[in-house]
Undergrad: 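Following this message is one structure expressed as structure tokens.
FYI, side chains are in, hydrogens and waters are out, and symmetry mates aren't considered; it's all heavy atoms of this structure.
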Amino acid sequence: MKFVVTYLIFALALFYSTPSFAQHHSKLDVVASIEAKALLIKQELTFYNQSTDTLNTIILNDWNNAYSDKNSPLGKRFSDEFVRSFHLSTEKERGTTANLIVSDDLNTPFVWNRVVNQPDLVEIQLKNKLLPNQKIILNLNYTLKIPSNKFTGYGYNSKGDMSLKNWFLTPARYENHQFVKYSNLNIDDAVNAVSTIDLQIKVPENFNAVSDLIQIKKEASTIIFSGTNVVTNSLYVESKPSFSIFKNENLEVVTNFQDNKVHPIQKAIIVDKIVNYVSENMGHYAKNKIIVSQQDYDENPFYGLNQLPSFISPFTNDYLFEMKFLKTFLNNYLKTTMQIDSRKDNWIFDAIQIYYMMKYVDEFYPNAKMMGSIAKLKVLKGFHLISLDFNEQYSYFYMLMARKNLDQSLGNSKDELIKFNEKIASKYRAGLSFRYLDSYLGNGILQKTISDFMLYSYNNQTDHAKFESILKEKTPVNINWFFDTVINSRELIDYKFDVVSKSNETVSLSIKNKTQANVPIPIYGLNKKKVVFKQWIGVVKPDSIYTFQRFNADKIVINYKNEVPEYNLRNNWKTLKPFNVLNKPLKFNFLKDLEDPYYNQILYVPTLEYNLYDGFIGGMRFHNRTILDKPFNIDVTPSYSTKSQSFSGRFSTFINQYNRDGKLYNIRYGLSGEYFHYAPDAYYKKFTPYVSFRFRENDYRDNKKQFISLRGVNVNRDPSQFVKNTFEGSYSVFDARFSSVKTEITRHFAYSTDFQISKDFGKASIDIGFRRLFDNNRQINLRLYAGTFLYNATTTSYFNFSLDRPTDYLFDYNYLGRSEDSGIFSQEYIQAEGGFKSKISNQFADQWITTTNGSVNIWNWIEVYGDVGLMKNKLQKARFVYDSGIRLNLVTDYFELYFPVYSNNGWEITQPKYAERIRFIVAFNPSTLINLFTRKWF
């Protein structure tokens with residue numbers, strides 16, 4: 001009955017809201033060439049001026065041509081997100097739109113051009129002005145050279161099959177007296193004008209074509225499709241059929257989801273279940289057919305589910321298929337029926353999708369856990385991550401970015417979001433925000449608003465303002481806070497209890513708002529973890545006391561069920577029990593865990609390190625750093641060195657201060673120390689108080705970061721019989737450093753200045769690095785280093801500048817054998833100071849040094865390097881130094897090998913014991929390696 005009523009409302013809405021203007025109409029005659037990896041297209045485009053403006057030009061979206069240039073907006077985004085494959089690809093692998101001819105019915109050509117810096121937009125100059133409600137017919141002839149699918153998942157594969165999305169020339173959306181000029185950025189946000197499409201495609205023998213349009217007929221190798229109200233379009237040309245068709249009374253679903261572990265009958269049951277759920281909650285799909293492809297899912301996977309290794313299998317195959325299909329079905333349902341700007345108003349798509357995904361789990365799987373069946377293992381019961389409800393993961397993914405001060409406003413345009421926000425955090429927060437609003441308003445107000453808005457947007461071009469107006473019409477209370485604060489700002493939500501008093505019958509409390517976001521918040525009363533009351537506080541007023549009936553509650557909790565996307569849940573609890581010492585008890589967890597608001601957590605994990613003098617260093621690390629960042633952090637690692645058979649260790653503690661506005665976004669105050677061997681018979685102790693300042697651009701996608709560090713390094717070194725001509729005892733150095741770096745795949749530029757003051761010396765230096773990957777895949781690396789003593793009263797070379805292997809008197813570098821001057825450990829290379837690879841005699845400078853390091857690739861990761869420099873010692877003339885050789889740049893800064901060829905030492909390649917001259921970089925530091933994989937996300 002519910003479905004029938006929904007369907008009738010939908011049909012009536014379509015009848016009364018059908019627009020008076022005609023749709024653009026494209027008739028396409030397409031020939032697919034598998035050998036050429038191309039589509040030959042003849043297209044008749046009837047363009048209607050649906051606006052009130054007189055048009056002199058028409059803009060067509062040609063998103064296939066975004067692949068034609070490495071410096072297109074798409075190419076720049078690939079570089080920005082460290083997608084190396086596109087910039088190393090050949091011209092044959094990249095797509096283009098070639099041989100475009102635009103003419104009228106008399107075959108008279110139109111003048112056209114590509115929009116400056118947007119090669120995927122075609123601007124056609126009209127011969128005559130096109131008045132409102134007039135139409136013009138354009139004949140387009142062109143060839144689509146299809147790109148490889150290795151860049152985005154769409155394109156041709158190794159079998160010659162094609163998976164295409166928004167592939168042919170389509171009129172751009174027109175609003176606010178202009179065309180919307182969006183370039184393809186691979187973020188699934190094409191903004192096409194709604195059109196009617198008639199498609200005839202001829203494919204090679206034994207190939208088939210599948211489209212989200214309705215198939216009219218098929219004769220031999222020619223297939224005819226048609227569709228109306230088309231805003232996005234897909235086409236699949238394949239040699240071996242991969243799509244299956246599922247039908248019920250509502251819809252035909254065409255899918256090629258790749259899950260052979262789920263029986264086809266079970267797939268049919270799941271698809272029917274999802275289609276009926278969406279129809280009952282969001283309305284009957286306005287078309288007769290929808291495609292839900294594996295490529296669509298891969299483009300926007302269910303993050304969390306897709307990160308779990310297959311051998312763990314915490315979820316059944318049916319459940320995995322169901323969740324993945326649900327997410328993709330909802331995405332395609334919304335994108336193919338709603339005429340809103342999916343870049344500017346993307347948050348609406350995300351909010352509706354995630355909101356209904358959460359409702360689906362609440363309805364059908366209310367007891368599901370984030371880690372599935374793993375939650376049943378008793379040995380893991382103590383982990384909050386394991387016991388977390390399935391829908392609670394959305395909040396934690398959002399908080400992951402909020403705690404790093406990297407969250408962005410939901411109202412931001414999609415192209416402004418950093419990748420983690422675009423794919424995960426902002427998407428999930430949007431759904432959480434709708435869930436929050438629904439819980440506060442109740443009475444199905446939000447769901448009715450969503451249904452009405454979707455009905456309207458199917459036949460009308462609209463935006464977020466219409467959604468807001470529909471919602472406010474249905475809402476009896478003021479909800480400006482929702483749009484002003486939750487949607488269109490970065491303001492954090494964080495409440496805590498201020499004053500709490502109780503009697504046997506009531507509990508009275510005041511709430512402290514820790515941020516500027518004044519939004520409704522729920523208060524829960526618990527008795528033995530069971531909810532005994534819930535009250536919403538609409539607007540939290542300062543110094544107000546709220547009194548509720550107690551109902552025997554032994555705890556009161558703010559936002560107990562996490563309906564509000566709150567920044568910090570750890571301060572939301574208050575016990576009402578007498579004689580309570582700890583509001584939250586202490587809890588020890590092994591390895592790592594999510595932040596548990598119910599406990600004070602201490603994490604412990606075994607550690608294993610190595611250096612030549614301590615040997616293997618086994619320890620136990622104790623810290624409070626959960627997956628979510630915290631303001632206060634402490635980390636202590638007592639350890640035992642197997643080779644020296646003695647104790648060692650390190651500690652650190654720091655406080656993070658985040659600034660929500662401005663370029664200075666983080667200040668860190670810290671203290672650290674460590675105690676290890678620097679020689680076989682000698683320890684060093686290091687103690688460092690510091691403060692650091694981190695800066696970023698207002699555009700969060702800008703990879704430019706700046707850093708100021710002020711620290712006092714205090715070192716005490718035991719005397720050693722093995723290390724000669726060095727400094728013994730204690731010394732202190734004040735170090736001030738400024739760094740600036742901007743990096744991406746195609747270019748990298750960084751510089752830093754360092755200023756050091758100690759009792760016996762003062763130094764200043766600058767380090768500049770530049771890397772450029774050119775369009776011909778040639779890469780050049782350059783580095784300039786210059787340093788000088790301001791004063792120098794030292795009597796050893798320990799504090800001097802070094803050509804090839806700094807003494808590291810500040811103990812900043814993770815040398816495996818820091819005091820070695822021969823053997824394999826002496827060949828470890830760290831690019832610092834002079835940066836030379838050859839071991840040149842008299843490597844130290846006690847006055848000044850300047851060097852240049854450079855390399856250029858000759859094939860793939862094989863490079864030629866060269867270093868030149870001048871160095872000056874007291875009472876000596878400046879000395880010119882140089883070296884050269886071959887660099888195997890396997891993973892830049894992480895795994896590299898250097899083979900010296902020629903230097904001040906002569907032809908090193910011909911000299912004895914050449915193997916001892918080879919230098920290497922190997923990054924064993926886990927945080928360094930993790931950065932290699934996370935840099936594209938943040």
Undergrad: Is there a side-chain contact between Lys514 and Lys496 (heavy atoms, below 4.5 Å)?
TA: yes
Undergrad: Taking Phe799's backbone N and O only, do any of them form a donor-acceptor pair with Lys763's side chain (distance below 3.5 Å, no angle check)?
TA: yes
Undergrad: If a pair satisfies ring-ring contact (aromatic ring centres under 6.0 Å, His included) and one of its residues is in residues 824-849, list it, with sequence neighbours excluded.
TA: Tyr829-Tyr898
Undergrad: Ser395: which residues meet the side chain to side chain donor-acceptor pair (under 3.5 Å) condition with it, sequence neighbours left out?
TA: Asn562
Undergrad: Is there a side-chain contact between Met370 and Leu385 in this structure, where contact means two heavy atoms from C-beta onward sitting under 4.5 Å apart?
TA: yes
Undergrad: If we ignore angles and hydrogens, is there a donor and acceptor under 3.5 Å between the side chains of Asn800 and Gln843?
TA: no
Undergrad: Got Tyr791 and Ile757 here, is their nearest side-chain heavy-atom distance under 4.5 Å?
TA: yes
Undergrad: Is Lys742 paired with Asp80 through a side-chain N to carboxylate O contact shorter than 4.0 Å?
TA: no
Undergrad: Determine the sole option in Arg917, Arg919, Glu908 for which the side-chain hydrogen bond (donor to acceptor under 3.5 Å, both in side chains) test with Ser838 is passed.
TA: Glu908
Undergrad: Fit a plane to each ring of Tyr914 and Phe899, take the angle between them on a 0 to 90° scale, and name the class: parallel (under 30°), tilted (30 to 60°) or perpendicular (over 60°).
TA: parallel
Undergrad: Taking Gln601's backbone N and O only, do any of them form a donor-acceptor pair with Glu595's side chain (distance below 3.5 Å, no angle check)?
TA: no
Undergrad: Please tell me whether Asn853 and Asp867 have a donor and an acceptor in their side chains that are separated by less than 3.5 angstrom.
TA: yes
Undergrad: Are a donor atom and an acceptor atom from the side chains of Asp681 and Gln721 found within less than 3.5 Å of each other?
TA: no
Undergrad: Return yes if a side-chain donor-acceptor contact under 3.5 Å exists between Ser648 and Ser641, otherwise no.
TA: yes
Undergrad: Pairing donors with acceptors under 3.5 angstrom, does anything connect the side chains of Ser672 and Lys686?
TA: no
Undergrad: Say whether, by atom type as modelled, one donor and one acceptor occur between the side chain of Lys872 and the main chain of Gln876 under 3.5 angstrom.
TA: yes
Undergrad: Distance-only criterion, 3.5 Å: show the donor-acceptor pairs between side-chain atoms of residues 626-634 and protein atoms not counting sequence neighbours.
TA:
unit_1 : atom_1 : unit_2 : atom_2 : d
Thr626 : OG1    : Leu628 : O      : 3.2
Lys630 : NZ     : Asn624 : O      : 3.0
Asn633 : ND2    : Lys630 : O      : 2.9

Undergrad: Using side chain to side chain donor-acceptor pair (under 3.5 Å) as the criterion, list what pairs up with Ser646, not counting sequence neighbours.
TA: Ser644, Tyr683
Undergrad: What are the two closest non-hydrogen atoms of Leu406 and Asn421, and how far apart are they?
TA: O-ND2, 2.8 Å
Undergrad: Between Glu833 and Ser802, do the side chains contain a donor N or O and an acceptor N or O under 3.5 Å apart?
TA: no
Undergrad: Which pairs with one or both residues in residues 689-698 pass salt bridge (charged side-chain N to carboxylate O under 4.0 Å, His left out), sequence neighbours excluded?
TA: Lys663-Glu697
Undergrad: Quick test of your reading: applying salt bridge (charged side-chain N to carboxylate O under 4.0 Å, His left out), list the pairs with at least one residue in residues 635-652, sequence neighbours left out, ordered by first then second residue.
TA: Glu609-Arg650, Arg621-Asp635
Undergrad: Any donor and acceptor pair, going by atom type alone, linking the side chain of Lys587 with main-chain N or O of Gly382 inside 3.5 Å?
TA: yes
